[in-house]
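The structure appears right after this line, and notes come after that.
By convention here, the first residue in the shown sequence is residue 1.
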Amino acid sequence: MSGNPRYVDVALAGERAIAFDGERRRRIEERRRQEEDRRRARAAAHASRLARERERLSARLVALARRTEALAGIRVSGTAEDERQGVLRTLAVLGTRLARVSNQADADAVHIDLVAAARRLEAVRAGLAAALAEDERLAALSLVETRLAEWDDREALDADGAQAVADQLAAVRAGVADTRTFRFGYARLNELVGDHLTLVARRTALLAEARDSAQEAGEALTAILTEADALAVELPGREAAQEVRDLLAAHLAAGRFQEAAHGAVRLAGSAPSLEKALEEHLDHRELTRHVTEAAAQAGLVIVEVSPAARACRLAYRGELTADVLARLRADGVEPGSP
């Protein structure tokens with residue numbers, strides 16, 4: 001059995017080919033079943049989160065409607081009253097839309113329109129500044145602070161806008177006793193708050209979308225890596241994918257919505273290539289097992305099996321006699337030309 005090894009191309013046939021294909025299908029079907037389970041769990045979590053979002057938006061809508069109603073009175077007339085009534089009509093429409101919200105995009109759209117409606121209402125209040133007593137002006141500023149407090153992450157999502165609002169709020173509070181100063185200052189404050197909260201609402205929606213995408217991609221990646229670990233398979237690109245996942249988590253935690261959206265796309269793109277690498281490795285492992293078993297039973301001394309797709313290159317010592325060839329074929333391995 002000494003000397004250099006000889007080589008022959010072989011391919012699975014018969015029952016071994018059927019067993020190979022069956023094992024492959026089972027692996028793929030099990031992954032798809034697990035992915036479907038994860039998808040259902042995500043859908044359930046999303047439905048629960050959407051229900052909470054509807055409740056939160058409903059509370060904001062009710063509060064805004066009350067503020068709009070409270071602004072009615074003899075001091076509100078003409079164009080100002082028309083605008084106030086317009087806000088009420090807008091809120092009625094938003095209430096109908098909110099009841100029909102079925103996905104996050106719908107909820108985000110309602111949220112942004114609520115911000116716009118609040119901005120219109122406060123523009124009416126700014127126009128009444130000359131008729132407001134000082135305590136009413138202070139109450140108006142408290143309402144602004146209440147609106148701002150509804151957004152937990154607004155400073156992280158729009159630091160410049162948050163600072164501009166804070167500076168203007170302080171300036172208006174300092175000049176609250178002067179009618180002219182308050183009137184123009186409050187109007188400017190309303191513009192800044194409206195711009196700031198609209199931007200925050202849009203970025204909040206983008207961040208939520210990136211977070212959902214990151215969760216889906218992260219779960220897929222974890223499933224692949226867990227399977228690879230269980231089977232003791234080293235996957236090329238694993239460390240790079242894990243670095244993308246860690247960096248994405250940092251972006252999400254910091255509220256960096258643009259970087260998070262880009263990272264979610266990168267992470268989603270890493271899972272298919274890792275799954276393909278895992279499947280190729282398992283195919284090669286299964287193919288090697290079949291060929292090695294058949295070759296050993298046929299009396300060949302195996303030096304190396306080099307898999308390639310459904311066939312492989314077999315390095316052996318010995319002779320491919322007619323008897324050996326017959327045994328190989330009988331055991332489901334079809335030799336090609338040596």
Side-chain angles (χ1 to χ4, degrees), residues 53 56-57 59-61 63-64 67-68 71 83 87 90 94 104-105 107-130 132 134-212 214 247-264:
E53 179 74 357
R56 185 166 68 96
L57 290 178
R60 289 190 180 183
L61 191 151
L64 183 54
R67 293 206 302 270
T68 307
L71 200 58
E83 186 65 19
V87 172
T90 296
L94 289 177
Q104 190 61 48
D108 293 337
V110 170
H111 208 169
I112 290 171
D113 287 345
L114 270 175
V115 172
R119 183 176 186 170
R120 288 172 58 195
L121 177 64
E122 295 311 309
V124 174
R125 196 187 307 277
L128 301 173
L132 295 179
E134 186 170 332
D135 62 335
E136 291 175 310
R137 296 173 190 172
L138 289 171
L141 294 180
S142 294
L143 285 175
V144 173
E145 291 173 331
T146 298
R147 289 173 62 197
L148 294 172
E150 293 174 344
W151 301 83
D152 297 332
D153 300 327
R154 64 182 185 82
E155 293 182 2
L157 291 172
D158 180 26
D160 292 341
Q163 187 60 54
V165 167
D167 292 344
Q168 185 64 17
L169 182 58
V172 175
R173 190 177 295 280
V176 73
D178 183 82
T179 299
R180 180 178 175 82
T181 299
F182 180 82
R183 178 182 179 184
F184 290 103
Y186 189 84
R188 178 57 180 158
L189 176 63
N190 185 48
E191 291 177 1
L192 290 173
V193 170
D195 290 343
H196 173 52
L197 294 187
T198 297
L199 186 59
V200 170
R202 295 187 185 281
R203 289 179 174 177
T204 297
L206 291 173
L207 194 61
E209 182 179 353
R211 188 172 284 111
D212 287 343
L247 184 59
L248 173 56
H251 289 323
L252 289 171
R256 294 189 288 266
F257 65 97
Q258 290 180 322
E259 293 86 346
H262 179 64

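Rounding to the nearest 0.5 angstrom, the gap separating the CG atom in Leu94 from the NE2 atom in His111 is 11.0 Å. Atoms CZ and CG, on Phe184 and Asp178 in that order, are 10.5 Å from each other to the nearest 0.5 Å. Distance CD/Glu122 to CZ/Arg147: 5.5 Å, rounded to 0.5 Å. Between atom CD of residue Glu259 and atom CG of residue Leu247 there is a gap of 9.0 Å, rounded to the nearest 0.5 Å. The distance from atom OH of Tyr186 to atom CG of Leu169, rounded to the nearest 0.5 Å, is 9.5 Å. Atom CG of Leu197 is separated from atom CD1 of Ile112 by 11.5 Å, given to the nearest 0.5 angstrom.
With contacts defined as side-chain heavy-atom distances shorter than 4.5 Å, the pair Asp108/Glu209 does not qualify. Side chains of Asp153 and Thr204 form no contact here, defined as non-hydrogen atoms less than 4.5 Å apart. Side-chain atoms of Arg202 and Thr198, non-hydrogen and from C-beta on, do get closer than 4.5 Å to each other. Side chains of Val87 and Val124 form no contact here, defined as non-hydrogen atoms less than 4.5 Å apart.
In this structure, Arg125 and Ala140 approach most closely via the heavy-atom pair CD-CB, 3.4 Å. Annotation for Leu252 and Ala260: closest pair CD2-CB, 3.6 Å, computed over non-hydrogen atoms. Counting all heavy atoms, side chain and backbone alike, Phe257 lies closest to Leu207 at CA-CD1, 3.7 Å. For the residue pair Ala117 and Thr90, the shortest heavy atom distance occurs at CB-CG2, 4.3 Å. Nearest heavy atom pair, residue Ala118 against residue Asn190, reads O-OD1, 4.5 Å. Shown here for Ala264 and Ala210, the closest heavy-atom pair between the two residues is CB-O, 3.9 Å.
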request  = Apply the test salt bridge (charged side-chain N to carboxylate O under 4.0 Å, His left out) to residues Arg137 and Glu134: give CA-CA distance (whole Å), side-chain angles for both, the deciding distance (0.1 Å), then the verdict.
outcome  = CA-CA 5 Å; Arg137 296 173 190 172; Glu134 186 170 332; 5.9 Å; no

task = Go through Arg173 and Leu138 one step at a time and tell me if the side chain to side chain contact (heavy atoms under 4.5 Å, CB included) criterion holds.
result = CA-CA 7 Å; Arg173 190 177 295 280; Leu138 289 171; 4.0 Å; yes

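Pairs of residues two or more places apart, or lying in two chains, that qualify as salt bridge (charged side-chain N to carboxylate O under 4.0 Å, His left out) and include a residue from residues 189-201 are Arg119-Asp195, Arg188-Glu191. Each salt bridge (charged side-chain N to carboxylate O under 4.0 Å, His left out) pair with one or both residues in residues 154-168, not counting sequence neighbours, would appear here, but there are none.
When atom types are taken as modelled, the side chain of Arg60 and the backbone of Glu150 share a donor-acceptor pair closer than 3.5 angstrom.
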